[in-house]
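Have a look at the structure below, then the notes.
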Protein chains: 2
Amino acid sequence: MPDPVLEALERFLRRLLARSSLTAEEQRAILSADCVVLRPAAHRDLVIPGAKVDFSLLVAGGLAGRFDQMADGRRQITALHIPGDMCDLHSVPVPIPGWGITALTNSTIVKVPHSHLRRIAERYPAIADAFWRDTIVDGSVLSKWVSNLGRRSGEARLAHMYCEMGTRMELADLGTRERFDLPLRQAQAADVLGLTAVHVNRLLQGLRRQGLVRTDGPTVFVDDLPQLERIADFDPAYLLLKGKLAPRPPGT
Amino acid sequence: MPDPVLEALERFLRRLLARSSLTAEEQRAILSADCVVLRPAAHRDLVIPGAKVDFSLLVAGGLAGRFDQMADGRRQITALHIPGDMCDLHSVPVPIPGWGITALTNSTIVKVPHSHLRRIAERYPAIADAFWRDTIVDGSVLSKWVSNLGRRSGEARLAHMYCEMGTRMELADLGTRERFDLPLRQAQAADVLGLTAVHVNRLLQGLRRQGLVRTDGPTVFVDDLPQLERIADFDPAYLLLKGKLAPRPPGT
DNA sequence: CGTGGTTTTGATTGTTGTCAAATGGAGTGG
DNA sequence: CCACTCCATTTGACAACAATCAAAACCACG
């Protein structure tokens, strides 16, 4: 049985290498972290907004979300994190995040101590640079989410979420853009999209009726990716992939 | 007549120092940039989405905005930049931004070469760290904008924008939370808030009728800050100020 | 065969968008 | 000093999108 910590760190490293170059020594430094494994159930909050933290959370399995909570308790999810994503790299230099992290489904999460991340970032400038770059990717995605929420219809937002998550899954070797697991409840999708669960349900039925998307439990099948990307107005440039993605969907 | 470049760099340095510590030598390094000054008129786009850049834009006067453009031409502004803000620090490690930068009003903008920023970030790890931190502040604001757009009413969003900009202006010594200049057209505010100009107009009339806000040209007067913050559900923690802000509004 | 969570449906309300036109103010040239 | 123009703000009528409330259907699980 493989070590979940090492596997997760390897995924994280692969994510960094998609956008930065690191020597063998630097790579070893990243993999040498001494971590604790959590197995939170769905809906368990892992970081409370405003609470000081001394670790970052690395997703090893399942799905995690960053969220902001309104005074009346309603939530907005501001980022989705799939295996290999470090949720909270931000908290390394700024240890009091303004947001929370929650497990959206039963997950495996690795706690990586800040002390380790800070040490290797100081020792290896290339690692600090890779962390900075990763933060920028996060910001770029956030910026796209702002424009989605501000300027796109519910249908386009839902389609865009499927396009983005499919692309990220494919990039992380967790599926393809046309078939991937996204274990999100409709109420959680609503918290991502700034809608209500009821409306998400109706929009999803619309996409199904148009033959664009099917779902089977957590699995999403995209049957007409070009059309889905069209109604989503999706352009993956904001994921900063440097051509790491095949231009056309595989298959026909 | 003071040098606008030096003044802008000093403002930028002060912004960094609000969240990071830098030695005298590191501070001198930041101020020693060799820059070009632009004086764009309102509505002039300074960076086109997707175009490679080899400089970052530092606002010296006026107001700049980061934007994303939809296929049909509609825009969403994803960040507002006041004097002292470096719009595009992200582009130092990732020189092809997925977004554009536009002058929202007649502005003074300083072009800072990437070569300089990269050189000082490599030479002084504390500067790289300060840049990373600044990127994190940007991401934190973006994250808050996501939750505003996703989960707050138009009125709350408008109120929140005034709270945020007032706080940032006060922090940058450009005014107070109760009186500051925000030379935004209503149509531009709509692009910030994910609304239409007509609706922004109606919401603004609502805030005025409640005696919360007055405007006089570019100048915003907040007459009832506590109430404005209440309806905005505003908590400045996400600006990562470390108590740099007086807890109560000045005055009565 | 219940049970609890999730999805789906229906009816209705409310916020925000759309379209079109009127008003207002600043600058320009006659 | 007065049209005139341009742009921004304001108003009005109406349509569309999404929220709300309530209940039914579905489904996995014990």
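Just so we're on the same page: letters track the sequence lines, and every chain starts at 1.
- Remark: F234(A) engages H160(A) in a ring-ring contact (aromatic ring centres under 6.0 Å, His included) (not counting sequence neighbours).
- Backbone-only contact: G194(A) has heavy atoms under 4.0 Å from sugar-phosphate atoms and none from a base.
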| Intermediate values then yes/no, side chain to side chain donor-acceptor pair (under 3.5 Å), D45(A) and T102(A) | CA-CA 4 Å; D45(A) 288 347; T102(A) 189; 2.8 Å; yes

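- When rounded to the nearest whole Å, the span between CG of L193(B) and C1' of dG17(C) equals 15 Å.
- No side-chain donor from either of D68(A) and T78(A) sits under 3.5 Å from a side-chain acceptor of the other.
- A donor-acceptor pair under 3.5 Å links the side-chain atoms of R157(B) to the main chain of L193(B), judged by distance alone.
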| request: Test I82(B) against D85(B) for side-chain contact (heavy atoms from CB on, under 4.5 Å), laying out the working first. | output: CA-CA 6 Å; I82(B) 64 177; D85(B) 288 356; 3.7 Å; yes

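- Spacing between atom CZ of R151(A) and atom C1' of dG17(C) amounts to 10 Å, rounded to whole angstrom units.
- The shortest distance between side-chain heavy atoms of F67(B) and P49(B) falls below 4.5 Å.
- Nucleotide dT16(C) holds its P atom 14 Å from the CZ atom of R152(B), rounded to whole Å.
- By the neighbour-count criterion of 12 heavy atoms within 6.0 Å, atom CZ of R208(A) is densely surrounded, having more than that number from other residues, nucleotides or ligands.
- By the ring-ring contact (aromatic ring centres under 6.0 Å, His included) test, H199(A) is found to be paired with no residue, residues two or more places apart in sequence or in another chain being considered.
- Non-hydrogen atoms lying under 4.0 Å from DNA chain C are contributed by nothing in residues 61-79 of chain A.
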Find every protein N or O atom lying less than 3.5 Å from an N or O atom of nucleotides 6-10 of chain C, and list the pairs.
{"from": "dT6(C)", "atom 1": "O3'", "to": "R185(A)", "atom 2": "NH1", "distance (Å)": "3.4"}
{"from": "dT7(C)", "atom 1": "OP2", "to": "Q186(A)", "atom 2": "N", "distance (Å)": "3.0"}
{"from": "dT8(C)", "atom 1": "OP1", "to": "R208(A)", "atom 2": "NH2", "distance (Å)": "2.9"}
{"from": "dT8(C)", "atom 1": "OP2", "to": "Q186(A)", "atom 2": "NE2", "distance (Å)": "2.8"}
{"from": "dT8(C)", "atom 1": "OP2", "to": "N201(A)", "atom 2": "ND2", "distance (Å)": "2.4"}
{"from": "dT8(C)", "atom 1": "OP2", "to": "R208(A)", "atom 2": "NH2", "distance (Å)": "3.1"}
{"from": "dT8(C)", "atom 1": "O5'", "to": "N201(A)", "atom 2": "ND2", "distance (Å)": "3.2"}
{"from": "dT9(C)", "atom 1": "OP2", "to": "Q205(A)", "atom 2": "OE1", "distance (Å)": "2.4"}
{"from": "dT9(C)", "atom 1": "OP2", "to": "Q205(A)", "atom 2": "NE2", "distance (Å)": "2.9"}
{"from": "dG10(C)", "atom 1": "N7", "to": "R202(A)", "atom 2": "NH1", "distance (Å)": "3.3"}
{"from": "dG10(C)", "atom 1": "O6", "to": "R202(A)", "atom 2": "NH2", "distance (Å)": "3.2"}

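- Separating the CG atom of L158(B) from the P atom of dT15(C) is a distance of 16 Å, rounded to the nearest angstrom.
- Within 4.0 Å of R157(B), counting heavy atoms only, lies no atom of the nucleic acid at all.
- Protein chain B contacts DNA chain D over a range whose 5' and 3' limits, counting nucleotides with an atom under 4.0 angstrom from a non-hydrogen atom, are dA8(D) to dA13(D).
- Side chains of F55(A) and C35(A) form no contact here, defined as non-hydrogen atoms less than 4.5 Å apart.
- Ring pair Y162(B)/F180(B) is tilted by interplanar angle, where 30° to 60° counts as tilted.
- Judged by distance alone, with hydrogens and angles left aside, the side-chain atoms of T105(B) form no donor-acceptor pair with the main-chain N or O of G62(B) at under 3.5 Å.
- In summary, R152(B) and D233(B) engage in a salt bridge, as defined by a charged side-chain N under 4.0 Å from a carboxylate O.
- Proximity of a side-chain donor or acceptor of T167(A) to a complementary backbone N or O of C163(A) within less than 3.5 Å is detected.
- In the helix from dC1(C)-dG30(D) to dG30(C)-dC1(D), the terminal helix axes, each the rotation mapping four pairs' C1' atoms onto the next four within five end pairs, subtend 30°, rounded to 10°.
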